[in-house]
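See below for the structure under consideration.
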Amino acid sequence: MEKLLKTELKTSILKAFGSSGGGYISQGQSYETDSGRVFVKINHKPQARKMFEGEMASLEAIQKTNTLRVPQPIKVIDLPGEGAMFVIEYLKMKNLSKYSAKLGEQVADLHLYNQKCGGKLKKEENSVGAGRFEPQYVDKFGFHTVTCCGYIQQVNEWQSDWPTFFVRHRLQAQMDLIERDYGDREARDLWSQLKLKVPEMFCGVEIVPALLHGDLWAGNVAEDEFGPIVFDPASFYGHSEFELAISGMFGGFNSSFFSAYHSKIPKAPGFEKRNKLYQLFNYINHWNHFGTEYRGSTLTVMRRLLK
């Protein structure tokens, strides 16, 4: 594997440093190379290339907004047999603490970026002989490629209506996997009632497509001496509120993060109920990844949303 890395990175030096590590999905190792330090993620699943290509596209999309700092993506490399490696810039990171509020502001800036592009586009249309504004406004929900939340592939086909996108490509897609693997009758019955009620949770709320990190939990954020860093994204254009559900579920984000975020994007009417709906997606996703220990939480949230 190291010989392959040397060839692909065109480096004469390839020296591992630090301990190898990784999460539930992929393993990781840092290396010294001719052109600086890199971090390499390794995954032996057959869908690894698809997964890493989605992550690379997500990092590139976030980078283009100049709102949030992410590691520079370098290259996706196929492994012999099955699997792939993803090479990114090495950043010396530590747990988020000092820059929590700063991260809240920057996540809000990311979410507002597309809306600002739309505003600039309108201004340009109204001015004679104005130069073309580079970043393009996105007027639909989705993404130009498949991304993965964990190892589950997410369809990101463009939709003009957010509730349709969210029900079809996020909740229904996850529930189809529950049906396939568990055939859980109670989950099926609750979901058949709930999906009819989802559209009414969005009545009177204007939703402008926002570029999302897509998996913003405490394990995917950090900081260094220069400020906050986010990584492992599963990006798409969606409702900004979707992002905050997982951030509030498993700890790691203090109140300064949320206060700073909401000072730029105030809570819209019905926020708390929609937040529960977005948490539901994460509970079902965890059930699909980690098993039935998340069944109880999933069904509890469904019942609460049906009240």
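From a predicted model like this one, the values you see are computed outputs, not experimental measurements. Each residue takes its place number in the sequence, starting with 1.
Here the CG atom belonging to D181 is positioned 11.5 Å from the OG1 atom belonging to T292, to the nearest 0.5 angstrom. A distance of 12.0 Å separates CE in M51 from CD1 in I152, rounded to the nearest 0.5 Å. Y113 contributes atom OH, which lies 12.5 Å from atom CD1 of I62 (distance to the nearest 0.5 angstrom). Taking OG of S297 as the start and CG of L280 as the end, the distance is 10.5 Å to the nearest 0.5 Å. Rounded to the nearest 0.5 angstrom, E272 CD and K276 NZ are separated by 8.0 Å. Rounding to the nearest 0.5 Å gives a distance of 4.0 Å between CG of N282 and CD1 of I246.
Every pair passing salt bridge (Lys or Arg N to Asp or Glu O under 4.0 Å) that includes a residue from residues 285-307 is listed here, sequence neighbours excluded: D184-R295, E186-R295, E186-R303. Pairs passing the salt bridge (Lys or Arg N to Asp or Glu O under 4.0 Å) check and including a residue from residues 221-230, sequence neighbours excluded, read R69-D224.
For the side-chain contact (heavy atoms from CB on, under 4.5 Å) test, residues two or more places apart in sequence or in another chain that qualify with N254 are S100, S256, F257. When the side-chain contact (heavy atoms from CB on, under 4.5 Å) test is applied to D139, the partners found at least two apart in sequence or on another chain are Y137. Every residue two or more places apart in sequence or in another chain that forms a side-chain contact (heavy atoms from CB on, under 4.5 Å) with L306 is listed here: L190, Q193, L194, K197. The salt bridge (Lys or Arg N to Asp or Glu O under 4.0 Å) search around K273 returns none, not counting sequence neighbours. Every residue was checked against the salt bridge (Lys or Arg N to Asp or Glu O under 4.0 Å) condition with K6, not counting sequence neighbours, and none meets it. Under the rule for a salt bridge (Lys or Arg N to Asp or Glu O under 4.0 Å), K195 has no partner lying at least two apart in sequence or in another chain. Under the salt bridge (Lys or Arg N to Asp or Glu O under 4.0 Å) criterion, D232 pairs with K41, not counting sequence neighbours. Partners of T145 under the side-chain contact (heavy atoms from CB on, under 4.5 Å) rule, at least two apart in sequence or in another chain, are A57, F143.
Minimum heavy-atom separation, T65 to T67: OG1-OG1, 2.7 Å. For the pair S58 and T147, the tightest heavy-atom approach, listed with the atom from each and the gap, is OG-CG2, 3.6 Å. Across H144 and W158, no two heavy atoms sit closer than the pair N-CZ2, 3.6 Å. The minimum heavy-atom distance linking F17 with Q29 is given by the pair O-NE2, 3.0 Å. Among all heavy-atom pairs drawn from S235 and L211, the shortest one is CB-CD1, 4.2 Å. Closest approach of C149 to H289, counting heavy atoms only: O-CE1, 3.1 Å.
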Run the side-chain contact (heavy atoms from CB on, under 4.5 Å) check on L244 and F271 step by step: do they pass? CA-CA 10 Å; L244 300 182; F271 173 89; 4.0 Å; yes

Kindly indicate, with the supporting measurements, whether the criterion side-chain contact (heavy atoms from CB on, under 4.5 Å) is fulfilled by E2 and Y31. CA-CA 10 Å; E2 294 199 344; Y31 292 95; 3.2 Å; yes

After noting the C-alpha distance and the side-chain angles of F236 and R170, does the key distance pass the side-chain contact (heavy atoms from CB on, under 4.5 Å) rule? CA-CA 11 Å; F236 64 99; R170 292 297 179 266; 3.4 Å; yes

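The closest donor-acceptor contact from the side chain of N114 to the backbone of P209 lies under 3.5 Å. Distance alone, capped at 3.5 Å, is enough to place a donor-acceptor pair between the N43 side chain and the I25 backbone. Checking side-chain atoms of E243 against main-chain N and O of H213 turns up a donor-acceptor pair under 3.5 Å. Looking only at distances, a side-chain donor or acceptor of K75 sits under 3.5 Å from a matching main-chain atom of E8. In this structure a side-chain-to-backbone donor-acceptor pair under 3.5 Å is present from S247 to L216.
Annotation: side chain of R168 is not in contact with side chain of E157 (no heavy-atom distance under 4.5 Å). Counting heavy atoms from C-beta outward, L305 and M201 have side chains that approach closer than 4.5 Å. Between W191 and Q172 the shortest side-chain heavy-atom distance falls below 4.5 Å. Looking at E60 and P73, their side chains come closer than 4.5 Å, going by heavy atoms from C-beta outward. With contacts defined as side-chain heavy-atom distances shorter than 4.5 Å, the pair Y237/K140 does not qualify.
Cluster membership check: F39 does not share its hydrophobic cluster with F231, using side-chain heavy-atom separations under 4.5 Å among Ile, Leu, Val, Met, Phe, Trp and Tyr. Cluster membership for L59 and V138, using ILVMFWY side-chain heavy atoms within less than 4.5 angstrom, is shared. In the hydrophobic clustering of this structure, Y151 does not group with V40; members are Ile, Leu, Val, Met, Phe, Trp, Tyr whose side-chain heavy atoms approach within less than 4.5 Å, directly or through other members. V155 and V146 end up in different hydrophobic clusters when Ile, Leu, Val, Met, Phe, Trp and Tyr side chains are linked at under 4.5 Å. I13 and L9 end up in different hydrophobic clusters when Ile, Leu, Val, Met, Phe, Trp and Tyr side chains are linked at under 4.5 Å.
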Show every donor-acceptor pair shorter than 3.5 Å between a side-chain atom in residues 101-110 and any protein atom, with sequence neighbours excluded, or say none if there are none.
unit_1	atom_1	unit_2	atom_2	d
D109	OD1	K264	NZ	2.7
D109	OD2	K264	NZ	3.3

Anything under 3.5 Å between a donor and an acceptor, one on a side chain of residues 77-94, the other on a protein residue two or more places apart or in another chain? List them.
unit_1	atom_1	unit_2	atom_2	d
D78	OD1	R49	NE	2.8
D78	OD2	R49	NE	3.3
E89	OE1	Q72	N	2.8

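Of the candidates I229, L68, L96, V221 forms a side-chain contact (heavy atoms from CB on, under 4.5 Å) with just one, namely L96. Just one residue in the list M56, E55, K50 forms a side-chain contact (heavy atoms from CB on, under 4.5 Å) with F52, and that residue is E55.
Ring geometry for F281 against F242 counts as tilted: the plane angle lies between 30° and 60°, on a 0 to 90° scale. Note on ring orientation: taking the six-membered ring where Trp is involved, the planes of W162 and F165 are parallel (angle under 30°, cut-offs 30° and 60°). Relative ring orientation between F166 and Y278 is described as perpendicular, the plane-to-plane angle rising above 60° on a 0-90° scale split at 30° and 60°.
Centroid-to-centroid, the aromatic rings of Y261 and H111 come within less than 6.0 Å.
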